[in-house]
Amino acid sequence: MRRKIIAGNWKMYGTRASVDTLLTEIKAGLDDSDCAEVIVFPSYVYIPSAQQHLTNSLVKWGAQNMYPALEGAVTGEISATMLKEYGCDYVILGHSERRTLFKETDDQILAKFLFAIEQGITPILCVGETLAQRENEQTFEVIAQQLDLVLQHAPSTLASAIVAYEPVWAIGTGLTATPEQAQKVHQFIRQQAEKRDKTLAEQLRILYGGSVKRSNANDLFAMPDIDGGLIGGASLNAQEFLGIVKLCN
Ligand code: PGA
C-alpha cells in the first residue's frame with residue numbers, strides 16, 4: 001500500500017508574515033490520525049521559517065529547485081548542502097515553469113536528479129505534456145522521453161524518488177485532467193518503470209498536479225495509480241490545503 005503524499009508548491013508567493021501564518025495553520029491542522037505524508041515547498045528565503053515551525057511536526061519541507069553541486073562560483077543558485085543545512089528532505093525538479101521560463105534541459109534536470117539522490121534529498125521529478133503535444137497525441141511519447149532520462153541512466157534511483165505528472169495545460173489554468181485522463185498517464189508511467197524494475201515500480205509514488213483543489217481531489221485520488229497531489233494555488237490557503245489532506249483519511 002503506497003502512502004499518499006500531499007505536497008504544496010508555494011512557488012514565488014507569500015510574504016514573511018503570510019508564510020508564518022500558513023506554516024502555523026497547516027501544522028496546527030494536522031494530527032496523528034491523518035494518513036497522508038504532507039510536504040511544503042516555500043520559496044528559498046522562507047525555508048528557515050519552515051524549519052523553525054515544522055521541526056518535529058508531521059509536516060516536512062523542501063525546495064523548489066537546486067543546483068547540482070556542493071558549492072561553487074554559481075551566482076544566484078542554491079546548493080544541496082545549503083538545503084540540507086535547513087532540513088530540506090525533498091526537492092522539486094524539472095517543474096514545467098523551470099523547463100519553460102528558464103529553458104532547463106533534460107540533461108540539466110538529470111544532473112540535478114542524480115545529485116539530489118546522491119545527497120540524500122528525495123527528488124520529485126515533474127513530467128508533463130503541453131496542450132499542443134496532447135492535441136497532437138504525443139502525450140505518451142513526451143512522458144516516456146522525460147522519464148527515460150532517469151530510467152535509462154539510473155533505474156535503481158526510482159527507489160528514492162517521487163514522480164509528479166503535471167500536464168502543462170492544467171497548471172494554474174483552472175483546467176484539470178479528468179481522473180480518467182490522469183489515471184491513463186499515471187498507469188503509463190508505472191508501466192514504463194515496471195520495464196526496469198517491477199518491485200520499485202509498484203512502490204513508486206506518482207503524484208498528480210495541475211489545478212488540484214478540494215472539490216476535484218477526491219475523484220483524482222480514487223484512481224489506482226494516483227498517489228497524491230502536487231498542489232500549487234490551492235496550497236496557499238491553509239483550510240483548502242488541509243481539506244485536501246483530510247480527503248486521504
Ligand atoms: P496549480 O500548480 O495547482 O496551481 O495548478 C501546480 C504546480 O505547478 O505544481
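The structure presented is a predicted model; accordingly, all values stated were derived computationally and were not measured. Numbering of ligands and ligand atoms starts at 1, following listing order.
- For residues 65-80, the pairs satisfying side chain to side chain donor-acceptor pair (under 3.5 Å) are N65-K112, with sequence neighbours left out.
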Give me the pairs of N or O atoms, one from ligand 1 and one from the protein, that sit under 3.5 Å apart.
residue: ligand 1; atom: 2 (O); partner: K11; partner atom: NZ; Å: 3.3
residue: ligand 1; atom: 3 (O); partner: S211; partner atom: N; Å: 3.4
residue: ligand 1; atom: 3 (O); partner: G232; partner atom: N; Å: 2.9
residue: ligand 1; atom: 4 (O); partner: G233; partner atom: N; Å: 2.9
residue: ligand 1; atom: 5 (O); partner: G172; partner atom: N; Å: 2.7
residue: ligand 1; atom: 5 (O); partner: S211; partner atom: N; Å: 2.7
residue: ligand 1; atom: 8 (O); partner: K11; partner atom: NZ; Å: 2.7
residue: ligand 1; atom: 8 (O); partner: H95; partner atom: NE2; Å: 2.7
residue: ligand 1; atom: 9 (O); partner: N9; partner atom: ND2; Å: 3.4
residue: ligand 1; atom: 9 (O); partner: H95; partner atom: NE2; Å: 3.3
residue: ligand 1; atom: 9 (O); partner: E166; partner atom: OE1; Å: 3.3
residue: ligand 1; atom: 9 (O); partner: E166; partner atom: OE2; Å: 2.7

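- Checked by atom type, the side-chain pair H95/E166 shows a donor-acceptor distance below 3.5 Å.
- Distance alone, capped at 3.5 Å, places no donor-acceptor pair between the D225 side chain and the Q183 backbone.
- Although no hydrogens or angles enter the test, the distance criterion places a donor-acceptor pair under 3.5 Å between the side chain of Q146 and the main chain of G128.
- Every residue was checked against the ring-ring contact (aromatic ring centres under 6.0 Å, His included) condition with F115, not counting sequence neighbours, and none meets it.
- In this structure Y13 satisfies the ring-ring contact (aromatic ring centres under 6.0 Å, His included) test with no other residue, sequence neighbours excluded.
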